[in-house]
Amino acid sequence: MNMKEYINEAESVLLHTYNRYPIVWDRGDGMYLYDIEGKKYLDFVAGIAVFALGYNNQAYNDALKAQIDKVIHTSNYYYNIPAIEAAKKLKKVSGMDRVFFTNSGAEAVEGVLKAARKYAFLRDGHTDHEIVAMNHSFHGRTMGALSVTGNAQYREAFEPLIGNIRFADFNDFESVASAVTDKTCAIIFETVQGEGGIYPATKEFLQQVRTLCDKKDILLILDEIQCGMGRTGTMFAWQRYGIKPDLMASAKAIGCGVPVGAFMMTQKVANHSLTSGDHGTTYGGNPLACTAISQVIDLFEQQNILENVEKTGAYLYETLENIAAKHEYVKEHRGIGLMQGLECNGSVGEIIQRAIQKGLLLINAGPNIIRFIPPLIAGREDVDAMAKILDECLSEKQNTCFMERIE
Ligand SMILES: *Cc1c(COP(=O)(O)O)cnc(C)c1O
């Protein structure tokens, strides 16, 4: 079958919840993906900030294959060595004290919300606690995660969601402070908002929220699912800010392709929240997924991934600054490390489609923002190759805008 035939078949069997690009993938290698007709694409999407180590990393693949031949799943009623190893390594790189493994980001968010509510329940025995979340945030598609997602388009049809959530404006401390009441048990946000348009928290905002939380015994929950695992140049983005959360959610690049997530907490929260019987998962923490996490953390160190993100991230920043200055269609450039965005003066759909035709994968974050989230092994040459195509696409866009005006 050719690509068109596969796509027709997909559209007749899969539930249509995505407007997919018309590409059927065959394989990946390093920074590149290949479709089933052999066309090669430079990838600045990385499976949505997942494939940090690039495609087809041999050491990663070998570790997974070896674990498949031993055992894939045993259940959480028993212990397994990959889970112990992965938890030890996560503790070390995060500075958090306790780890719970999930299968996805949304489940990690469910876990932190339950832990925060239990913490408050143990403190005063009430069940009317509130959580403060941010406008334009994204925390996942399950009912709990959706409840703290500040985007009406994702939420509306599914209401009522879990109650007692108040929304405030990200990077606006006054707005957060005025959403806090005596019932607030937690404040949750992404350290760098991803889907909402690549907005890093300001240092001042994070520090002020941390101080407020300390003063009122409110738990600070950071969603590091997209911005964590090296993407901003530190293992977790909050490590750049001189603060520490009480709870954090991780997923995406933590497994580099194997579905896995984790939520982590300080000892203080662990001592006063979820306990035996409070939470569980059949698959979470299985030996295959934990081998992936363990291997990813080792390879980050062996391949100096953080150092590469600092270097390539700075080069990407400089490159996108130049592109932003050159093209009128670009309104603003934001981001840290290998998580950057170009906000445009209109839709970016056409630019992304042109880029794909030219063999470059980009993705949007909202209708007007192009998001740059490549594998963390990207080098200067990859940034240059990307920039050349992006520059062409933006110039073509500028020309069509002009043509639309004179027609
Ligand atoms: C992707 C994402 C999620 C949801 O993760 P899933 O694995 O898709 O459930 C939650 N929060 C943020 C910030 C994300 O980027």
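Note that the structure is predicted; figures quoted are calculated from it, not measured. As the structure lists them, so they are numbered: ligands from 1, and atoms in each ligand from 1.
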To which protein heavy atom is atom 1 (C) of ligand 1 closest, and what is the distance rounded to 0.1 Å?
K252 NZ, 1.5 Å
Among all the protein's non-hydrogen atoms, which is closest to atom 9 (O) of ligand 1, and how far away is it?
A106 N, 2.7 Å
Does an N or O anywhere in D223 fall below 3.5 Å from an N or O of ligand 1?
yes
Counting from 1 in the order shown, the ligand 1 atoms closer than 4.0 Å to a non-hydrogen atom of S104 are 7 (O), 9 (O)
Considering all protein heavy atoms, does one lie under 4.0 Å from atom 11 (N) of ligand 1?
yes
Under 4.0 Å from a heavy atom of E190: give me the atoms of ligand 1 that qualify, with their elements.
13 (C)
Name all residues meeting the ring-ring contact (aromatic ring centres under 6.0 Å, His included) criterion together with F170; count only those two or more places apart in sequence or in a different chain, and write none if there are none.
F189, F205
Y119 and D246: side-chain donor and acceptor closer than 3.5 Å?
no
Between N171 and D169, is the side chain to side chain contact (heavy atoms under 4.5 Å, CB included) condition met? List the steps.
CA-CA 6 Å; N171 277 340; D169 290 333; over 6 Å; no
Please list the nearest protein heavy atom to atom 5 (O) of ligand 1 with its residue and the distance rounded to 0.1 Å.
G105 CA, 3.3 Å
Can you tell me if CG on D128 sees more than 12 non-hydrogen neighbours from other groups inside 6.0 Å?
yes
Which of these passes side-chain hydrogen bond (donor to acceptor under 3.5 Å, both in side chains) with Q226: R231, E190, Q193, E195?
E195
Report, as yes or no, whether the 6.0 Å neighbourhood of atom CD1 on I81 holds more than 12 heavy atoms from other residues, nucleotides or ligands.
no
